[in-house]
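For reference, the structure discussed in these notes is given below.
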Amino acid sequence: MLNKNDKIYVAGHRGLVGSAIVRNLKSKGYENVIGRTHKELDLTNQAAVRDFFETEKPDVVVLAAAKVGGINANNTTPAEFAYENMQIQCNVIECCHRYHVKKLLFLGSTCIYPRMAPQPIPEDALLTGPLETTNEAYAIAKISGLEMCKFYKRQYGDDFISCMPTNLYGPHDNYDLSGSHVMPAMIRKFHEAKVNDAPSVELWGTGTPLREFLYVDDMADACVFLLENYSGEQHVNIGTGKEVTIRQLAETVKEVVGYQGDIIWNKDMPDGTPRKLTDVTKLHGLGWTHKVELKEGVELAYQWFKDNVENARM
Ligand SMILES: NC(=O)C1=CN([C@@H]2O[C@H](COP(=O)(O)OP(=O)(O)OC[C@H]3O[C@@H](n4cnc5c(N)ncnc54)[C@H](OP(=O)(O)O)[C@@H]3O)[C@@H](O)[C@H]2O)C=CC1
Ligand SMILES: C[C@H]1O[C@H](OP(=O)(O)OP(=O)(O)OC[C@H]2O[C@@H](n3cnc4c(=O)[nH]c(N)nc43)[C@H](O)[C@@H]2O)[C@@H](O)[C@@H](O)C1=O
C-alpha cells in the first residue's frame, strides 16, 4: 500500500515517461519523489546503484530508465540495447530486493510480443512466437526484466509489478532524428519543412504498418493507478486499444503542424512489425481507461515542441 509520504525513486525521472510520472505523482500528493540524472548515477554500474540504495533506501521504485530509441536506433545498435538495458534492470531490480523496497513498477514495452501475435495482443501472447527482428535486442531485454520481477515475487514475495505500454509521445520526448520514434520525428520533420518552405518531407517505410499511440500523461496516470491498485504476477498492457496506419498518422501530424507540401516514402527504411495493438481488457477491468485521443495529443505535443525544443521557433 502506498503512503503519501513514501520516498519514491523514479529512475529516468527526466525522460518522456519518467518526467510524466513525476508530474502525476506530485499532482496526487506524493511529495517525497527523488531522481538522479544519468550523469549523477549510471544505472549500469552495480556498485554505484548499491551505494545509492544503501544511502537513500527508497520505499517505492519506478524503473523508467532505459536505453530507448526508435526503429532505426534499435535496428542498428542491438548490442548496446541488449547490454545497457539488461545491466540497468539487473542492478535496479536486485537492489529493490536487497534493500526491501515495498513496491517496484518495471516498464517494459509492447515490442516484447511476437511479430505475428494475435491482434489485439493479450498479455498471455508473450513468448508464443518469433520476435520482430528490428527491435529483438530491446524486446529480449524487456522480457528478461519482466520475468525477473515475476521470479522475485514468486521466490521472495516481493511486490514487483510490470506494465507493457504501447507507443508513447508527449512532453520531453526525444526529438533527435537519429534515435527518435515516429511521432516526434514527424512533428519535427513537418515543422522544419514548414518553416523552411521545403517542397516535401521524407518519411520511412511504406506507411502501411499500424501503430497505437498513447499520450504520455495518460500513461503516467495508468502507472500510478497500477502502483496504487495492482500487485498481480502477470504484466499489464497499457494502451488505448485504437490504431492508425503510419500514413494516417502522417496526415494527422501534417494537418496539426499546418504543412502543405508532399510526403516521400523512403522504402529503403524498415517498416518494422506490421501491427502491435494492445488488448487493454485487463487494464479496463482494473478500472482505468485513457482520456487523450490522438488528434488532441498531437496538438499538445506539437505545442510543447514549439515551446521547448531549441530553434523550433526558427
Ligand atoms: N517512448 C516510448 O514510446 C515507449 C517507452 N517505453 C518504456 O518507457 C521507459 C522510458 O522510456 P522513455 O521515457 O521513452 O525514454 P527516454 O529516453 O525519454 O528516458 C530514459 C531515461 O533513462 C535515462 N537513462 C538511460 N540510460 C541510463 C543509465 N545507464 N543510467 C541512468 N539513467 C539512464 C535517460 O537519461 P539520459 O537521457 O541522461 O541518458 C533518460 O532520462 C523505458 O523503459 C521504455 O522501454 C515503453 C513503451 C513505449
Ligand atoms: C515503442 C516501440 O517502438 C519501436 O518500434 P516502432 O514502433 O517500430 O518504432 P518507430 O516509432 O521508430 O517506427 C514506427 C513506424 O514509423 C515508421 N516511420 C516513418 N517515418 C519515420 C521516421 O521519420 N522516424 C521513425 N522513427 N519512424 C518512422 C517506421 O518505419 C515504422 O514503420 C521499438 O523500436 C521500441 O522502441 C518500442 O518498444
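Model, not experiment: these values are computed from the prediction. For the single chain, residues carry numbers from 1 onward in sequence order.
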Could you walk me through whether D159 and K102 pass the salt bridge (Lys or Arg N to Asp or Glu O under 4.0 Å) check?
-> CA-CA 6 Å; D159 190 1; K102 72 176 179 180; over 6 Å; no
In chain order, what residues pass the ring pair (Phe, Tyr, Trp, His ring centres under 6.0 Å) check against W304, with sequence neighbours excluded?
-> H172
Side-chain donor-acceptor pair under 3.5 Å between S231 and K103, yes or no?
-> yes
Classify the ring geometry between Y175 and F305 as parallel (under 30°), tilted (30 to 60°) or perpendicular (over 60°).
-> tilted
Side chain to side chain donor-acceptor pair (under 3.5 Å) between W288 and D221, intermediate numbers included | CA-CA 9 Å; W288 189 89; D221 193 63; 2.8 Å; yes
Would you list the atom pairs, donor with acceptor, under 3.5 Å between side chains in residues 117-132 and any protein atom, with sequence neighbours excluded?
unit_1: Q119; atom_1: OE1; unit_2: L277; atom_2: N; d: 2.9
unit_1: Q119; atom_1: NE2; unit_2: A117; atom_2: O; d: 3.3
unit_1: Q119; atom_1: NE2; unit_2: R275; atom_2: O; d: 3.3
unit_1: E123; atom_1: OE2; unit_2: N237; atom_2: N; d: 2.8
unit_1: T128; atom_1: OG1; unit_2: A125; atom_2: O; d: 2.5
unit_1: E132; atom_1: OE1; unit_2: R115; atom_2: NH1; d: 2.4
unit_1: E132; atom_1: OE1; unit_2: T273; atom_2: N; d: 3.4
unit_1: E132; atom_1: OE2; unit_2: T134; atom_2: N; d: 3.0
unit_1: E132; atom_1: OE2; unit_2: T134; atom_2: OG1; d: 2.6

Which of V280, L226, T281, N229 passes side-chain contact (heavy atoms from CB on, under 4.5 Å) with L286? It is L226
Would a hydrophobic clustering, with Ile, Leu, Val, Met, Phe, Trp and Tyr connected at side-chain separations under 4.5 Å, put M183 with M269?
-> no
Atom CG in N3, atom CG in D6: separation rounded to 0.5 Å?
-> 4.5 Å
Is it the case that one hydrophobic cluster holds both I34 and V92, taking links as side-chain heavy atoms less than 4.5 Å apart, direct or via other members?
-> yes
K57 side-chain N/O to E54 backbone N/O, donor-acceptor pair under 3.5 Å | yes
Kindly compute the distance separating CG (L25) from CG (L227), expressed to the nearest 0.5 Å.
-> 7.0 Å
Of all the heavy-atom pairs spanning A65 and L43, show the shortest one and how long it is.
-> CB-CD1, 3.5 Å
Apply side chain to side chain donor-acceptor pair (under 3.5 Å) to H290 and list each qualifying residue two or more places apart in sequence or on a separate chain.
-> E293
Which pairs, with at least one residue in residues 49-69 and sequence neighbours excluded, count as a ring-ring contact (aromatic ring centres under 6.0 Å, His included)?
-> Y9-F52
Salt bridge present between R36 and E56 (N-O < 4.0 angstrom) | yes
What is the minimum heavy-atom distance between C163 and M219, and which atoms define it?
-> SG-CE, 4.4 Å
Dump the intermediate steps for salt bridge (Lys or Arg N to Asp or Glu O under 4.0 Å) on R154 and E233, then the final yes or no.
-> CA-CA 8 Å; R154 274 194 194 155; E233 179 175 293; 2.8 Å; yes
Is it the case that N85 and Q89 place a side-chain donor and acceptor less than 3.5 Å from each other?
-> no
Pair Q87-T44, side-chain donor/acceptor within less than 3.5 Å | no
Do the charged groups of K276 and E212 touch, with an N to O distance under 4.0 Å?
-> no
Ion pair check, K291 and D217, cut-off under 4.0 Å | no
Steps toward side chain to side chain contact (heavy atoms under 4.5 Å, CB included) verdict (V68, N174) = CA-CA 9 Å; V68 178; N174 172 6; over 6 Å; no
Charged N-O contact under 4.0 Å between E192 and R188 | yes
State, with a plain yes or no, whether a side-chain heavy atom of P184 is found less than 4.5 Å away from one of M186.
-> no
Pair K295 + E255: basic N to acidic O under 4.0 Å = yes
Would you please say whether a donor-acceptor pair under 3.5 Å links the side chains of T206 and D271?
-> yes
Would you please test L63 and I88 for side chain to side chain contact (heavy atoms under 4.5 Å, CB included) and show each step?
-> CA-CA 9 Å; L63 181 44; I88 290 168; 4.0 Å; yes
Using distance alone, with no hydrogens and no angle criterion, decide if K282 and Q234 have a side-chain donor and acceptor under 3.5 Å apart.
-> yes
Would you please name every residue forming a ring pair (Phe, Tyr, Trp, His ring centres under 6.0 Å) with F190, sequence neighbours left out?
-> Y259
Matching residue for Y169 among L294, I187, V216 - test: side-chain contact (heavy atoms from CB on, under 4.5 Å) = L294
Do N32 and N5 have side-chain atoms, one donor and one acceptor, less than 3.5 Å apart?
-> no
Is there a side-chain contact between P270 and N75 (heavy atoms, below 4.5 Å)?
-> yes
Sequence neighbours left out, what pairs pass ring-ring contact (aromatic ring centres under 6.0 Å, His included) with at least one residue falling in residues 18-39?
-> none
Please round to the nearest 0.5 Å and tell me the distance separating atom CG of L283 and atom CD1 of I238.
-> 6.0 Å
Are V236 and L146 in one and the same hydrophobic cluster, where Ile, Leu, Val, Met, Phe, Trp and Tyr link if side-chain heavy atoms are under 4.5 Å apart?
-> no
Going by an N to O cut-off under 4.0 Å, is there a salt bridge joining E94 and R98?
-> yes
Are Y99 and I8 co-members of a hydrophobic cluster defined by side-chain heavy atoms under 4.5 Å apart?
-> no
Of the non-hydrogen atoms in G69 and H181, which two are nearest, and what is the gap between them?
-> O-NE2, 3.0 Å
